[in-house]
Amino acid sequence: MVKGKKISGKTVFGLDIGTRSIVGTVGYKKGDEFFCLAQRVKEHETRSMLDGQIHDIGQVGETITEVKEELEKAVGMELTEVCIAAAGRVLRTATVHSDLEFTESREVTVEDIYNLRSMAIEKAYEEFTSEEDAALSFYCVGNSVIRYYMNNYPIGNPEGHKAACIGADLIATFLPEDVIDGLYKAVELAGLRVASLTLEPIAAIQVAIPKNYRMLNLALVDVGAGTSDICITDDGSITAYGMIPLAGDSLTEVIAKECLVDFAGAEAIKKQLGEKDEVSYEDIIGLPQTMKSTDLLQVLEPYINKMAEEAAEKILELNGDKPVSAVFVVGGGGKIPGYTDKLAEKIGIQSQRSALRGKEVMGNIIFSEAVEKDSTLVTPLGICLNYYEQNNNFIVVTFNDKRIKLYDNDKLSVVDAAMQADFSNELLFPRRGKELRFTVNKKVRTVKGQLGEAAVIRIGGREANIYAPIHENDVIRVKESTEGAPGSMTISSLPEFRDIISVQVQERRIDVPKYARVNGSYQLSSYSIQQGDDIEVLDYCTVGQLLEFMDILLPEDKVILINHKPADRETKVFENYLVSFVERAELEAAEAEKLRALREAEAERHRSVYERAGIRDAYEDDEMMEEDDEEAYEAEAAREEQVKEVISIPVTVMVNGMPVELTGKQEYVFVDVFNVIDFDLSTVKGNLVTTINGATAEYLQPLKEGDILVIRWEQP
């Protein structure tokens with residue numbers, strides 16, 4: 001960083017390029033102490049900077065050159081490199097939460113954590129970028145993980161743990177390309193190269209809030225000339241950054257109007273406030289003037305109040321709408337009397353907990369020259385100290401023929417270059433094909449697509465991966481990853497389809513594969529399911545499907561019986577049904593025999609009715625039959641209506657998987673089965689479960705041919 005004089009420790013040259021002035025500092029760190037060899041301040045002769053942003057690069061470059069030359073004379077060495085800081089006026093900050101899920105629980109690797117952080121930074125970039133910024137390029141100049149999560153629970157570091165998912169709360173900060181280029185150009189005009197770049201609030205915190213204090217919920221306010229930069233600490237981390245475009249210059253402008261002086265004169269008057277009871281100055285007419293400090297402060301009070309109010313609102317916003325424990329104020333603008341008290345009042349904390357930080361935080365700073373240790377030195381010294389914490393700057397690489405600039409944090413990899421080149425993070429990692437969505441028996445089912453191939457990455461012609469480190473002037477070429485095959489499945493792969501329907505065919509037990517309808521049409525097991533298909537896996541097969549499965553060609557003289565009843569090829573066959581084949585002639589003979597039996601039963605019933613009606617003797621008397629035939633038939637018909645005897649019609653049902661035939665009645669109800677099955681109801685053995693065709697049975701519920709009944713004891 002310097003040439004010539006030998007100094008113990010690495011010497012650093014820091015520049016605080018502010019709105020009103022440029023402060024240069026040269027020193028070195030040894031142990032915990034920083035030795036400041038020299039410090040020089042040069043105010044801008046014109047308004048070449050406004051609100052912390054360079055407006056006249058040439059003029060700022062000249063002022064930097066003057067500061068550099070004065071410091072070189074003071075320390076007796078040539079200065080070639082410099083550390084700088086950017087103001088928060090153009091800072092973009094986003095705090096995001098990002099999750100990375102794994103296909104199954106496994107050990108978390110450092111690559112997983114890197115991937116998680118990359119996802120979070122990309123998410124932060126997308127979050128803050130608005131339509132008006134669409135044409136601007138931004139660079140991530142810093143990121144910090146506030147908190148890690150493992151399986152949705154907070155953890156210090158998930159690396160090495162077994163988890164199904166990890167997450168992170170991350171704060172990322174970005175600067176526009178033109179701001180960085182402006183700072184670099186001004187420094188280059190002074191013959192210097194940037195050794196590191198940081199943010200002003202990060203620099204200030206190096207001095208104002210030591211690391212052991214950052215466990216506390218504190219706010220740092222760096223009140224400069226054009227902006228007031230703010231950062232919040234809690235739980236050992238910087239949790240938020242912010243800025244308000246209101247600072248010392250707003251008070252200077254009020255003084256200039258009140259006292260009728262130019263801007264430089266107003267600055268001189270402002271510096272006397274709080275130090276003297278009266279301020280003396282010469283107005284633009286050339287007349288000497290004096291004014292009590294209290295009177296001028298009374299004029300400034302509403303503006304000081306506004307400056308404190310806006311800073312307090314920003315602090316509360318950044319801190320989740322709750323007060324911080326204390327506020328540290330640095331910078332020249334914060335020295336105005338009354339500011340720290342009003343800031344405490346607006347935040348809602350005790351006035352003692354809002355204070356300027358100056359001499360009391362410089363115990364480890366050793367000055368070689370006589371210097372007044374006050375709040376204006378905090379940020380310039382912090383810029384130098386930050387160099388030892390984070391030795392970084394920008395590097396230029398080529399990514400797919402595109403030259404890009406990257407903020408070097410000594411940990412840059414291919415994935416950082418890809419993000420800066422607007423190469424989607426998604427195109428680096430294997431992409432999963434489109435998932436297949438369909439329904440099975442009215443329930444939604446999804447099948448994930450396959451993973452594709454990862455991106456092919458080369459650095460200088462050598463094969464590399466996304467985590468490979470990159471350096472200045474590297475040539476990176478990335479062939480984007482591929483998308484895997486879409487999700488696919490056949491009917492035969494469905495779990496429901498792999499079940500079978502077991503039926504009794506003649507003397508054999510046959511296991512029939514289930515059949516499926518897709519969008520209302522039968523499909524083979526090899527059918528490839530399509531997007532949005534409505535699939536119904538049936539719990540029955542038809543007689544025709546059964547015959548086809550068994551490869552049976554039934555002769556014309558054969559008749560199919562399902563549970564002893566004639567059926568056709570469309571008749572449904574459910575689990576445990578009885579299927580048999582008989583000769584048509586045999587069936588017709590059986591039907592004829594059944595009809596004959598029914599007729600005999602009918603005749604017997606009639607005889608029984610006549611006997612009970614006392615008509616038999618009358619029929620034996622031929623004369624009475626001849627005379628009273630019509631009257632007898634009418635009496636018999638009336639008695640038939642009263643007796644209501646019925647013909648027996650058999651019905652076969654399945655009870656606990658076995659066929660049971662009910663006879664003796666024309667109609668049957670559920671309780672009738674207990675007359676023909678061996679089921680002990682005399683001793684209670686638990687809860688009695690009774691169902692008909694899968695639904696709870698009522699005891700007097702009618703039965704029909706082929707009903708499936710379940711009767712069993714269930715333990716409570």
Side-chain angles (χ1 to χ4, degrees), residues 435-450 485-554 558-582 652-660 689-697 703-712 714:
E435 70 176 14
L436 176 65
R437 292 177 63 87
F438 54 94
T439 60
V440 179
N441 295 340
K442 304 305 181 185
K443 293 183 179 178
V444 176
R445 190 74 53 85
T446 60
V447 178
K448 288 185 177 181
Q450 300 298 311
S488 64
M489 179 176 274
T490 60
I491 292 289
S492 60
S493 301
L494 293 173
E496 297 88 346
F497 190 78
R498 289 197 290 268
D499 293 337
I500 51 92
I501 303 168
S502 182
V503 298
Q504 187 77 21
V505 181
Q506 302 287 69
E507 303 301 325
R508 296 169 56 194
R509 197 74 178 173
I510 301 297
D511 291 336
V512 185
K514 287 192 173 182
Y515 288 82
R517 281 201 298 252
V518 180
N519 304 323
S521 301
Y522 282 105
Q523 293 292 349
L524 298 174
S525 60
S526 60
Y527 172 79
S528 181
I529 300 171
Q530 302 300 305
Q531 197 73 243
D533 274 351
D534 182 15
I535 301 169
E536 182 184 7
V537 178
L538 305 175
D539 58 356
Y540 64 86
C541 66
T542 65
V543 169
Q545 290 168 336
L546 175 62
L547 294 175
E548 183 179 350
F549 174 74
M550 295 180 68
D551 197 20
I552 294 176
L553 185 61
L554 203 64
K558 289 280 189 179
V559 177
I560 305 164
L561 298 181
I562 302 295
N563 296 336
H564 308 294
K565 293 189 67 175
D568 58 27
R569 295 182 66 88
E570 299 303 318
T571 302
K572 296 177 181 178
V573 181
F574 290 89
E575 180 83 8
N576 291 322
Y577 268 25
L578 177 62
V579 182
S580 56
F581 313 121
V582 298
T652 300
V653 296
M654 301 297 293
V655 181
N656 295 339
M658 298 297 294
V660 172
V689 175
T690 58
T691 66
I692 297 178
N693 300 326
T696 302
L703 296 179
K704 63 181 182 300
E705 183 73 24
D707 278 345
I708 300 175
L709 284 62
V710 173
I711 304 172
R712 60 183 172 84
E714 181 177 80

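The residues of the chain are indexed from 1 along the displayed sequence.
Within 6.0 Å of the CZ atom in Arg517, the count of heavy atoms belonging to other residues, nucleotides or ligands exceeds 12. For Ile500, the CD1 atom is densely surrounded, since the number of other residues' heavy atoms within 6.0 Å is greater than 12. Within 6.0 Å of NZ on Lys572 lie no more than 12 heavy atoms contributed by other residues, nucleotides or ligands. In this structure, Glu548 places its CD atom where only 12 or fewer heavy-atom neighbours from other residues, nucleotides or ligands lie under 6.0 Å away. Heavy atoms from other residues, nucleotides or ligands lying under 6.0 Å from CE of Met550 number more than 12. Enclosure of atom CD in Gln450 is not indicated, since only 12 or fewer non-hydrogen atoms of other residues, nucleotides or ligands lie within 6.0 angstrom. Heavy-atom neighbours of Arg509 CZ from other residues, nucleotides or ligands within 6.0 Å: above the threshold of 12.
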**Request:** Test Met654 against Asn563 for side-chain contact (heavy atoms from CB on, under 4.5 Å), laying out the working first.
**Result:** CA-CA 9 Å; Met654 301 297 293; Asn563 296 336; 3.9 Å; yes

**Trace of the side-chain contact (heavy atoms from CB on, under 4.5 Å) decision for Ile529 with Leu494** = CA-CA 10 Å; Ile529 300 171; Leu494 293 173; 4.2 Å; yes

**Prompt:** Taking it one step at a time, do Leu703 and Leu709 satisfy side-chain contact (heavy atoms from CB on, under 4.5 Å)?
**Reply:** CA-CA 10 Å; Leu703 296 179; Leu709 284 62; 4.2 Å; yes

**Request:** Check the pair Val579 / Gln504 against side-chain contact (heavy atoms from CB on, under 4.5 Å), numbers first and verdict last.
**Result:** CA-CA 6 Å; Val579 182; Gln504 187 77 21; over 6 Å; no

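Atoms OG1 and CD, from Thr490 and Gln523 in turn, are 12.0 Å apart once rounded to the nearest 0.5 Å. Distance CZ/Phe549 to CD1/Ile510: 7.0 Å, rounded to 0.5 Å. Gln530 contributes atom CD, which lies 10.0 Å from atom OG of Ser488 (distance to the nearest 0.5 angstrom).
Counting heavy atoms from C-beta outward, Ile692 and Lys704 have side chains that stay 4.5 Å or more apart. Residues Glu435 and Val447 have side chains not in contact (no heavy-atom distance under 4.5 Å, counting atoms from C-beta outward). For the pair Ile501/Asp539, no side-chain contact is recorded, criterion being any heavy-atom separation below 4.5 Å from C-beta on. Counting heavy atoms from C-beta outward, Val543 and Asp568 have side chains that stay 4.5 Å or more apart. Looking at Ser580 and Leu561, their side chains come closer than 4.5 Å, going by heavy atoms from C-beta outward. Using a 4.5 Å cut-off on side-chain heavy atoms (C-beta onward), Ile560 and Leu547 make contact. In this structure, Val537 and Asn441 have side chains that are in contact, with non-hydrogen atoms separated by less than 4.5 Å.
Closest heavy-atom contact between Ser492 and Phe497: CA-CD2, 3.6 Å. Residues Val512 and Cys541 share a closest heavy-atom pair of CG1-SG, 4.2 Å. Asn656 and Val710 make their closest contact through OD1-CA, 3.3 Å (heavy atoms, listed as atom of the first residue, atom of the second, distance). Closest heavy-atom contact between Phe438 and Asp533: CB-O, 3.3 Å. Contact detail for Ile708 and Glu575: the closest heavy-atom pair is CD1-O, 4.3 Å. The minimum heavy-atom distance between Gly487 and Leu436, with the atom names listed, is O-CB, 3.5 Å.
Tested against Glu496, the residues Arg445, Lys443, Lys514 include a single salt bridge (Lys or Arg N to Asp or Glu O under 4.0 Å) partner, Arg445.
Between the Asp511 side chain and the Ser502 main chain, no donor and acceptor come within less than 3.5 Å of each other. Asp534 places no side-chain N or O within 3.5 Å of a backbone atom of Asn519 that could act as its donor or acceptor partner. Between the side chain of Glu536 and the backbone N or O of Val440, no donor-acceptor pair lies under 3.5 Å.
For Phe574, the ring-ring contact (aromatic ring centres under 6.0 Å, His included) partners two or more places apart in sequence, or in a different chain, are Tyr540, Tyr577.
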